[in-house]
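Read through the structure below, which is laid out as C-alpha cells, and then see the notes.
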Amino acid sequence: MEILVAKSAGFCFGVKKAIEKAFNENGERVFTYGPIIHNKQVVEDLKNRGIEVVEDLENIKPKDKVIIRSHGIPKNEYKKLEEKGAIIVDATCPYVKHIHKIVEQRYSEGYKIIIVGDENHPEVKGINGWCDNTATIISDVNDIEKLNQNLGKVCLVAQTTFNQNKWYNLSSEIIKRAKEIIIYNTICSATDERQNEAIELSKQVDAMIVIGGKNSSNSRKLYEICKENCKKAIFIEDESELDLNDIKGLSKVGITAGASTPDYTIKAVIDKLHSFDIEKIEDDAKNEEHELDYEFKKLTVGEIVEGKVIHVTKDEVFFDIGYKSDGILPKELASNKEINLKDVFKVGDVYDLEVVKLSDKEGNVVLSRINIEKYDIIEELEKAKNEDKIIKVQLLGEIKGGYECSYNNIKAFLPESHSGITTKDDIKNIIGKEIEVNIIDVKLQKNDTIELIVSRKSILKNKLQEEKRRFIDELSFGQVLNGRIKSFIDSGIFVNVGPIDIFVPNSEVSWDRKVKPQKEFKINQEINVVVTKINKEENKVSGSIKRTMKEPWDEFILKYKEGDVVTGKVVAFTDYGAFVELIEGVEGLIHISQITTRRIDKPTDFLKIGQVVKPKIVGIDYEKKRVSLSLIA
C-alpha cells in the first residue's frame, strides 16, 4: 500500500511564528488569550511549560504576560489589556494583522466592511473588532440576502482560511450590490495551496486522512474537500483516533493536515500506518531539524517556504528550499531598505521566503523577502508607536499640510501642526537632515505600501522641559537676567529669558504703582529682571523689573525727615484715609483724623483725586517703609 503525503501538510507560516513566540516566553504568570492555535496537543505542551489558556481578561493583573493567539483579537480587547497593565506578546498571524489594518483604515474612511467567513470563528470576530463590530459577515450565498440592494462604499475582505472558490462566487455577487467597492483577497496563499493539494491528492487515493483539530476551521474545510473527491475520508486529531481497520486492504492512502497540526502529530500517524506493516513509498527523509520533507513537491507563486543560505554574492542570495532547483533572492527583492547582502545573509542561515516566480532563465525559483519583511516592519512600527519610541526620519521637503519625510525607504508625513517648525528659516535649516519623531499612526495604502504619520510635538516639548530644568537649576535668587517682553496678562508681564518665561507681577513692574505695564512697555522690548522666586518642581520663575532700578525710598529718606512739610498729590483713598504721592514711587498716608479739624465721614468729603496738598511728615517707619502725614499738625 502506498502512502502519499501532501507537501503543505502541517504548520503554516503564521502558526509557526505564533508557536515560536509562545514557546520562547517564560515568567510567573504567562497566559495565551484563548488557545494559541486550534490544536489540543500544542495547548497541552504549553500548559506543561506553565503557560495557561485564559478566556476572560477580568482576572489579568498588571505585569501579567498575555500572548495573543494567531487568530488575533478585537481592538477593544487590546485596549483592555493595555489598561490592565499587561505585557502583550502579539502572536497574531501577520496575514491576519494585515486584514486588521485594512479594516480599521477603510472603516475610518467611511467604507462598509463585509467579511467573507465564519462569523463564529475567532479570526472573524477579531477582524470585526477593528471596525467597531459593524461588519456584515457572509459565509454562503444565502447570506447575500442580508445585504441592501445599494450598499454604497464597500470594503470586502476574507477570512484567511476561507474556500477560494466560494470566495470568488460570493465576491462576484456582492459586486452587483455595491456602488463603490475595494476588494482584498485576503485568503492566505498557504490555505489555497493546501486546499488545491487536497483536491488533487484525494482524487488519486482510496482513502484520505485529514489530521487536525475538530474545532479548526481550515482542517474541517480540508475534510469537506476530501469527502467530495474520495470515497473514504477520515478526520482525526491524532494517531490515537486512527482505526487501522478503516484502511485495511486499500492500495493508496493520502494524508493532509490543517495549518495548526504539528509535524510530530503527522509523523505519529505515519508511524502508526507503518506499524501496520504497510509498505512505505513516500519519502521519509528528515532535515537536520527533524522536520518532515514530503515527496509532494509542487510549488506555487505566493507560497511561503523556508530556505537555507548556500551562497551569497553582492547581487543575489542562493537558497536550498528542498525543491528540484535552488531558490534565488535578487538584491532588489531582499529587503524594503537598502542593504548589503553579504552583511545580512550568512551561509547556513535559515529564512522564510515568498515564491514570486517558479523559474528564471536558469531554472531557479525566484524568491522575495519584501512582503514577509513588510509584516515584520509593520509589527515593529506598531510596537514603536504603542511604546512612544523615538525614531529618526529624513525631512525631504514641504508638501500640502505638512512635510514629506522618509524612514528606511518608508514614506512618512509630518503634519504642520506636529512639526514644531515656526519660520521659513527653521525649515531651511533642517531640509535633508534627520530629525527625531514619534509615530502617531501606521497606515497601509491602497497599493499595499506603508505610510507613517509622525510628530515632533512631544519630543520638542520634552527637550524644552529639560532645557528649562537645566537653566533653572543654575539660577540663583537676586540674579539679574536680560530678556524680552513676551506677553501681558491682567496680573503682570511674561519676560522671555533663554528657554524660560519669567513672570513679573504688576506689583514688581514699577516702584510707581500708577504705572500701567502695557502703556509703559511693549512686546519684544529688551529689559532686565531680577530673580525673586524659583519653583524647581513646576519649572517656574518669578522676577522683578522695578528692583533693577534705584529704589525711590532711598532717595526719599535722604531728602526728608519727620517734621518736614512736603508738597504732594492725592492719588488714592481708603475708608480710613488718603494716600499722597510725595515723590515718584513713595506715598504717605493722611489718616482721616488728620485731614481736618472738623468731623467727616469719609476722606472724599474733604479731598479729591489729583488735589495738591502740603501735609507735614509726622512719622517715618524705616523698617516697613511707611510715611504718616497730617494736614492739621
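In this chain, residues are counted from 1 in sequence order.
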For Asp238 and Ser240, run side chain to side chain donor-acceptor pair (under 3.5 Å): C-alpha distance rounded to whole Å, both residues' side-chain angles, the deciding distance at 0.1 Å, then the answer. CA-CA 6 Å; Asp238 55 36; Ser240 66; 2.4 Å; yes
Go through Asp118 and Ser139 one step at a time and tell me if the side chain to side chain donor-acceptor pair (under 3.5 Å) criterion holds. CA-CA 6 Å; Asp118 178 0; Ser139 62; over 6 Å; no
Check the pair Lys385, Glu382 against salt bridge (Lys or Arg N to Asp or Glu O under 4.0 Å), reporting the backbone distance first and the verdict last. CA-CA 5 Å; Lys385 181 189 85 169; Glu382 286 284 359; 3.5 Å; yes
Apply side-chain contact (heavy atoms from CB on, under 4.5 Å) to the pair Leu452 and Lys411, showing each step before the final yes or no. CA-CA 6 Å; Leu452 303 180; Lys411 185 179 177 184; over 6 Å; no
Verify salt bridge (Lys or Arg N to Asp or Glu O under 4.0 Å) between Glu466 and Arg470, making sure each step is shown before the conclusion. CA-CA 6 Å; Glu466 181 58 26; Arg470 286 199 302 266; 3.4 Å; yes
Is there a side chain to side chain donor-acceptor pair (under 3.5 Å) between Glu123 and Thr160? Walk through the geometry before answering. CA-CA 8 Å; Glu123 180 190 317; Thr160 56; 2.7 Å; yes
Stepwise salt bridge (Lys or Arg N to Asp or Glu O under 4.0 Å) check, Lys267 with Asp263: CA-CA 6 Å; Lys267 185 176 184 304; Asp263 280 348; over 6 Å; no
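The CG atom of Asn76 sits 9.0 Å away from the CG atom of Leu57 when rounded to the nearest 0.5 Å. Taken to the nearest 0.5 Å, the CD1 atom of Ile211 stands 8.5 Å off from the CG atom of Leu242. Within the model, atoms CG of Asp352 and CD1 of Ile304 stand 7.0 Å from one another, a figure rounded to the nearest 0.5 Å. The distance from the CD1 atom of Ile113 to the SG atom of Cys155 is 4.0 Å, given to the nearest 0.5 Å. Ile99 contributes atom CD1, which lies 11.0 Å from atom OG1 of Thr92 (distance to the nearest 0.5 angstrom). Between the CD1 atom of Ile266 and the CG atom of Asp271 there is a distance of 12.0 Å, given to the nearest 0.5 Å.
Residues satisfying the side-chain contact (heavy atoms from CB on, under 4.5 Å) criterion with Lys468, sequence neighbours excluded, are Leu464, Gln465, Pro499, Ile500, Asn539. Residues satisfying the side-chain contact (heavy atoms from CB on, under 4.5 Å) test with Glu380, not counting sequence neighbours, are none. Applying the side chain to side chain donor-acceptor pair (under 3.5 Å) test to Lys540 and every residue at least two apart in sequence or in another chain returns Glu538. Listed by chain and number, the residues in a side chain to side chain donor-acceptor pair (under 3.5 Å) with Lys112 are Thr136 (sequence neighbours excluded). Contacts of Val312 classified as side-chain contact (heavy atoms from CB on, under 4.5 Å), with partners at least two apart in sequence or in another chain: Val309, Val317, Leu341, Lys342, Phe345. Partners of Tyr407 by ring-ring contact (aromatic ring centres under 6.0 Å, His included), not counting sequence neighbours: none found. Residues satisfying the salt bridge (charged side-chain N to carboxylate O under 4.0 Å, His left out) criterion with Arg49, sequence neighbours excluded, are absent altogether. By the side chain to side chain donor-acceptor pair (under 3.5 Å) test, Ser406 pairs with no residue at all, sequence neighbours left out. Looking at residues two or more places apart in sequence or on another chain, you find a side-chain contact (heavy atoms from CB on, under 4.5 Å) between Thr32 and Ile36, Leu46, Ile51, Val53, Ile67. In this structure, the side chain to side chain donor-acceptor pair (under 3.5 Å) partners of Asn185, at least two apart in sequence or on a different chain, are Gln164.
Pairs engaging residues 88-97 under the salt bridge (Lys or Arg N to Asp or Glu O under 4.0 Å) rule: Asp90-Lys97 [sequence neighbours left out]. Sorted by first then second residue, the salt bridge (Lys or Arg N to Asp or Glu O under 4.0 Å) pairs that include residues 454-464, not counting sequence neighbours, are Glu436-Lys463.
Between Val350 and Glu306 there is a side-chain heavy-atom pair separated by less than 4.5 Å. In this structure, the side chains of Pro415 and Ile453 come closer than 4.5 Å at one or more pairs of heavy atoms. The shortest side-chain heavy-atom distance between Tyr351 and Phe319 falls under the 4.5 Å cut-off. With contacts defined as side-chain heavy-atom distances shorter than 4.5 Å, the pair Val154/Glu180 does not qualify. Residues Gln394 and Leu396 form a side-chain contact, since some pair of their non-hydrogen atoms from C-beta on lies under 4.5 Å apart. For the pair Ile138 and Ile115, the minimum side-chain heavy-atom distance is 4.5 Å or more. A heavy-atom distance below 4.5 Å is found between the side chains of Val157 and Ile102. Counting only heavy atoms from C-beta outward, the side chains of Lys389 and Asn438 never approach each other to under 4.5 Å.
Glu83 has no carboxylate O lying under 4.0 Å from a charged side-chain N of Lys80, or vice versa, which leaves the two without a salt bridge. Salt-bridge annotation for Lys308 and Asp320: absent, with no side-chain N of the basic residue lying under 4.0 Å from a carboxylate O of the acidic one. In this structure, Asp473 pairs ionically with Arg469, as a charged nitrogen and a carboxylate oxygen lie closer than 4.0 Å. A salt bridge links Glu104 with Lys75: at least one charged nitrogen is closer than 4.0 Å to a carboxylate oxygen.
Using a 30° and 60° split on the angle between ring planes, Phe235 and Tyr223 fall in the parallel class, below 30°.
A cation-pi contact, defined as under 6.0 Å to the ring centre and within 45° of the axis, is absent between Lys65 and Phe31.
Nearest approach of Leu201 to Ala6, heavy atoms of both residues: CD2-N, 3.8 Å. The two residues Ser455 and His418 have their closest heavy-atom pair at OG-ND1, 2.8 Å. Listed here is the closest heavy atom pair of Ala86 and Val66: CB-CG2, 4.1 Å. Considering every non-hydrogen atom in both Gly258 and Ser219, the closest pair reads CA-OG, 3.3 Å. Shown here for Val89 and Glu25, the closest heavy-atom pair between the two residues is CG1-OE2, 3.6 Å.
Enclosure of atom NZ in Lys47 is not indicated, since only 12 or fewer non-hydrogen atoms of other residues, nucleotides or ligands lie within 6.0 angstrom. Counting non-hydrogen atoms of other residues, nucleotides and ligands closer than 6.0 Å to NZ of Lys61 gives a total of 12 or fewer. Applying the 6.0 Å contact sphere to NZ of Lys392 captures no more than 12 heavy atoms from other residues, nucleotides or ligands.
Side chains of Asp132 and Thr134: a donor-acceptor N/O pair is absent below 3.5 angstrom, by distance only. Between the side chains of Tyr33 and Glu55, no donor-acceptor pair of N or O atoms lies under 3.5 Å. Inspection of the Tyr264 and Asp45 side chains reveals an N or O donor paired with an N or O acceptor under 3.5 Å. Remark: the Glu239 side chain and the Thr265 side chain contain no N/O donor-acceptor pair separated by less than 3.5 Å.
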